[in-house]
Amino acid sequence: MKNTDRKKIALLSSRNPKSEAVSKELWNKLKDANFIMTPKNPDIVISIGGDGMLLSAFHKYENILDKVRFVGVHTGHLGFYTDYRNFEIDELVENLKLDTGAKVSYPILNVKIRMIDGRVVTARALNEATIKRLSKTMVADIHINGVPFERFRGDGIAVSTPTGSTAYNKSLGGAVLHPTIEALQIAEVASLNNRVYRTLGSSIVVPKKDKIIIDPQHDDRYSIAIDNRTFVYDNIEQIDYQIDNHKINFVATPRHTSFWNRVKDAFIGEVE
């Protein structure tokens, strides 16, 4: 590897002893392989732990998504985003030595939270964004691509990316989408459906060009969960959801597992 070709690599590890030990070992091996180890403006970010650690890594570097690529090293019980196990770091180092810059890219979610006083809070989500009213049943109008679709009543609404379709969305009864499909999915959280109140009652897959707007009908406190982070806001006017202009990029090593293999391993196991 020429000096001018040296890639900058950042390591982010969960705090459990197993992950920290893997991080230390991997740091030394990458340093010996002539990589530049730095958290500042890296070319590649390696998360060590589980999916939660990968989400944290994504949010730490979400402002340079066009420049950075991610790799996950799995040290826990289940890692949907991770390509390498903790005992495969020698293979990871060798694959990074041969890296040509190839990447696998997946869409992410752009969220704009508009307040009654005119403030706008913008966020990105890799998995999903969920809104819930803190005190009572949430009542919110849902608009899809400018069409007033329904008035929702229930605990909340989750809008997920294709990669997030296997996370909270799946537990809500949503469909599993291949992550290369540029679409969003709306899933209801405990909706009220009876003779008086009615929602569609199933998840909705929305194409890339369509914007989703959720308009809460009460001035109150709402919790907004963006992946593994939760925020509380007062007096939200509306929330806009659409596919972001940027994508998350993973290093396309030979170990980047097929999405359907990930789904099978995570939810089904070995097929007899």
Side-chain angles (χ1 to χ4, degrees), residues 7-16 19 22-23 26 37-76 78-84 92 96 99 101-113 121-130 158-170 176-185 208 224-231 239 241-253 255-257 259 262-263 266:
K7 290 184 176 67
K8 294 186 290 184
I9 296 181
L11 295 186
L12 277 75
S13 169
S14 59
R15 294 182 178 179
N16 69 71
S19 295
V22 172
S23 178
L26 182 56
M37 306 305 296
T38 176
K40 296 181 179 180
N41 298 312
D43 301 301
I44 296 172
V45 172
I46 302 175
S47 74
I48 302 169
D51 289 343
M53 195 63 236
L54 193 282
L55 290 172
S56 296
F58 164 77
H59 287 291
K60 181 177 177 64
Y61 292 102
E62 65 178 276
N63 292 326
I64 59 169
L65 289 178
D66 291 340
K67 179 180 182 295
V68 70
R69 293 175 295 149
F70 293 85
V71 178
V73 176
H74 166 44
T75 61
L78 179 65
F80 203 85
Y81 285 114
T82 52
D83 290 312
Y84 293 86
L92 169 58
L96 290 176
D99 176 55
K103 60 188 178 183
V104 179
S105 303
Y106 301 142
I108 60 174
L109 172 63
N110 181 280
V111 183
K112 285 187 174 63
I113 306 167
V121 177
T122 302
R124 291 187 176 114
L126 177 57
N127 273 359
E128 75 279 308
T130 304
V159 178
S160 69
T161 66
T163 49
S165 70
T166 55
Y168 188 35
N169 169 79
K170 185 177 181 299
V176 173
L177 300 182
H178 193 280
T180 57
I181 297 173
E182 296 194 72
L184 299 176
Q185 189 167 178
K208 177 182 179 180
I224 308 293
I226 307 289
D227 291 333
N228 56 354
R229 306 178 299 172
T230 301
F231 309 92
I239 307 179
Y241 306 81
Q242 58 191 132
I243 295 288
D244 197 83
N245 292 328
H246 305 275
K247 294 184 177 183
I248 184 171
N249 302 307
F250 289 92
V251 175
T253 71
R255 289 285 308 186
H256 191 76
T257 311
F259 175 72
R262 292 169 188 262
V263 172

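Quick caveat: nothing in here was measured; it's all calculated off a predicted structure.
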Considering all heavy atoms, the nearest [X]-[Y] contact:
X    : Y    : result
I108 : H246 : CG1-O, 3.3 Å
P39  : A10  : CA-CB, 3.8 Å
S19  : G49  : OG-CA, 3.7 Å
F58  : A125 : CE2-C, 4.1 Å
G164 : Y81  : N-OH, 4.3 Å
K170 : V176 : CD-CG2, 4.2 Å

Can you sort out the partners of [X] under side-chain contact (heavy atoms from CB on, under 4.5 Å), two or more places apart, ordered by chain and number?
X    : answer
S56  : M53, N228
K112 : N110, R114, V120, T122, D240
A123 : I226
D43  : K7, K8, K67

Checking [X] now: which residues fulfil side chain to side chain donor-acceptor pair (under 3.5 Å) with it, not counting sequence neighbours?
X    : value
N169 : none
S23  : none
S13  : none
Y241 : none

Going through the distances and angles, do L92 and I46 end up as a side-chain contact (heavy atoms from CB on, under 4.5 Å)?
CA-CA 10 Å; L92 169 58; I46 302 175; 4.2 Å; yes
Mind checking the [atom1]-[atom2] spacing from [X] to [Y]? Nearest 0.5 Å is all I need.
X    : Y    : atom1 : atom2 : answer
H59  : L126 : NE2   : CG    : 7.0 Å
I248 : L54  : CD1   : CG    : 5.5 Å
L109 : T161 : CG    : OG1   : 7.0 Å
I9   : T38  : CD1   : OG1   : 11.0 Å
K60  : L12  : NZ    : CG    : 6.0 Å
F70  : L65  : CZ    : CG    : 6.0 Å

Any side-chain heavy atom of [X] sitting closer than 4.5 Å to one from [Y]?
X    : Y    : answer
V121 : I224 : no
H74  : V22  : no
D99  : I44  : yes

Residues which pass ring pair (Phe, Tyr, Trp, His ring centres under 6.0 Å) with F250, listed by chain and number, not counting sequence neighbours:
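Listed in chain order: Y106, H256.
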Please name all residues satisfying ring pair (Phe, Tyr, Trp, His ring centres under 6.0 Å) with H178, sequence neighbours left out, ordered by chain then number.
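Result, ring pair (Phe, Tyr, Trp, His ring centres under 6.0 Å) vs H178: F259, W260.
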With K247 via salt bridge (Lys or Arg N to Asp or Glu O under 4.0 Å) - residues at least two apart
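Partners of K247 by the salt bridge (Lys or Arg N to Asp or Glu O under 4.0 Å) criterion, ordered by chain and then number, come out as E182.
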Could you walk me through whether D83 and V251 pass side-chain contact (heavy atoms from CB on, under 4.5 Å), step by step?
CA-CA 10 Å; D83 290 312; V251 175; over 6 Å; no
Under the 3.5 angstrom rule, does the side chain of [X] hit a backbone N or O of [Y] as a donor-acceptor pair?
X    : Y    : answer
R69  : A252 : no
N127 : D227 : no
N249 : V104 : no

